[in-house]
Structure formats: C-alpha cells, structure tokens
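To start, the structure itself, in structure tokens.
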Amino acid sequence: MARKPNSSKQTEAVLQSLLSDSDRWRHGYDLSSETGLKSGTLYPILMRLERRGWLEAKWEDETVPGRPRRHLYRLTPAGAEEAMNVTVAMGVDAGAARVAEGGTP
Amino acid sequence: MSVRSGAGSGVGIVARMARLACPKAERPWVDAMFAELDSVDGGQRSDWASGVIEIVLAAVAIRVRTVPAGIRAGIACAMCAILLFALGSRAELELMTLDDDVLFQGAMLSGAVSAGFGILAIIWIFNATDPA
C-alpha cells in the first residue's frame, strides 16, 4: 500500500502516541520515552506535524521554580483524524503483511 | 523564552550558541528542546543535547541550500572576478596598458563585493522566518 508523504514508522509512532490520549497536552520528553525516539528524530517530526496543522503547541502556563517552562503538544482535531487514518492504514498494512506470509490478517 | 535553562552553566552557554546559530523559524523549537533538557534523565541528557545540535545543523544546511539564486550568482561572479584580477596581475598585463595597481584594486573591489554577497547570504540564512 502506498504510504503518505513523510508517513515513516517514526511519524506513525509519534501519531499513535499522541492519539492514545489526544486531549492531554504532552511534553517532548514523554513522547520521546514512549516512542523510543531520540530528540533529533522526534522534534523534526513534531515540526512537520505542526506545519501541516496536525499538531498544536504551547508553552506551559505556570512556571515551576528552578526549571524553565516546557513546551506542550497535542493533536488538533484534523491531526487526530489523520492520525486515526494512519493507524487504520497501519493495521491494514500489518494485516496484509501477515496474509502475504501465509497467516491470518 | 526558555533559554534560561542551566543559565551560566555549560548547558546554558551551549543553548545560547545553538539558538544564535539556528535560523529564526526553528528557534522556538530549539528553545523547547533546551527547556525539556531539565526534565530529561541524567544519562540521556547528552543524547538529548546532541539531538538539538543535529537539528540546528540540519536547519542551517537546508537554509544554505535554499539561498536565493541571485545571491549565489553574485558570490560566484565576484569570486571569479577576484581570480581573474589575480591571474591578470601575475600575467604581467602592463604590456596591455593595464597597471598592476588597477588589477589589485579590482581584486580588492571584487573581494568586497563577494564579502557583501556573503553577508547577505548569512543574513538570509539566519533571518528567514518561514519554516525550512
């Protein structure tokens, strides 16, 4: 199945992670820990998603003494819809691969 | 913004340098990554920081590749002119009524033009506000 532009495994992992709790604002480090992606891989993906309008970003409202405000991310409604499509497509891909290997989808 | 992370420490200095070296459009992301650094587990901090450097270098590389053709052509022409004037001064063109001083001044002028275009390119690279 043809992949969407930039829909790498890493992007899919980030989308899935964001989609798992799409209403909650997430920190970059949380996403990195959850997806296992390094910062140099994760942030370019976040930048691309934000540019496409799939992701919204903001700085923390309250300041915690001794540490800087953190940047927060969550999917936009459009992003959540696209992420859902990507997740479904991934399921289809995985099913097709299992069928090709002689298993059940 | 949040470049106060580790202010005064090595990380603070690296954060400031990375921010300065980064094109404007990507600076908020570099700030975000350094702000996150305080929450990263000790053992992973160097990995996290090297990710920031990777992103800055990638952003600069993309910008360098997209410098407008006019600026690139200006630099190339001025460099060629320097080369021609330098070669001309070595080829003893006095016989063709061209004085060495004129050639030297021409080379200097071309050097200045080339530097001017170089500065324009640097300004363009670091001030572009559209995302790369």
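Order of the sequence lines fixes the chain letters, A, B, ..., with proteins taken first and strands second; residue numbering starts at 1 for each chain.
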Handout entry: Sidechain N-carboxylate O distance under 4.0 Å for R26(A), E34(A)
Key = yes

Problem - E50(A) portion near chain B, given a 4.5 angstrom heavy-atom threshold - result: side chain

Exercise for the section: Would you indicate whether the side-chain heavy atoms of W59(A) and R70(A) approach each other to under 4.5 Å? Expected result: no

Problem - chain B interface, residue from S32(A), P44(A), A57(A), G40(A) that has the most non-hydrogen pairs under 4.5 Å - result: G40(A)

Handout entry: Region of V40(B) that comes under 4.5 Å of a non-hydrogen atom in chain A
Key = both

Handout entry: Non-hydrogen atoms of V86(A) and E12(A) that approach each other most closely
Key = CG1-CG, 3.4 Å

Handout entry: L46(A) portion near chain B, given a 4.5 angstrom heavy-atom threshold
Key = both

Practice task
Report yes if some heavy atom in the side chain of R19(B) is under 4.5 Å from a heavy atom in the side chain of F34(B); otherwise report no.
Solution key: no

Handout entry: Per-residue contact mode, S33(A) against chain B (heavy atom under 4.5 angstrom)
Key = neither

Handout entry: Closest heavy-atom pair and its distance - R72(B), V64(B)
Key = NH2-O, 2.9 Å

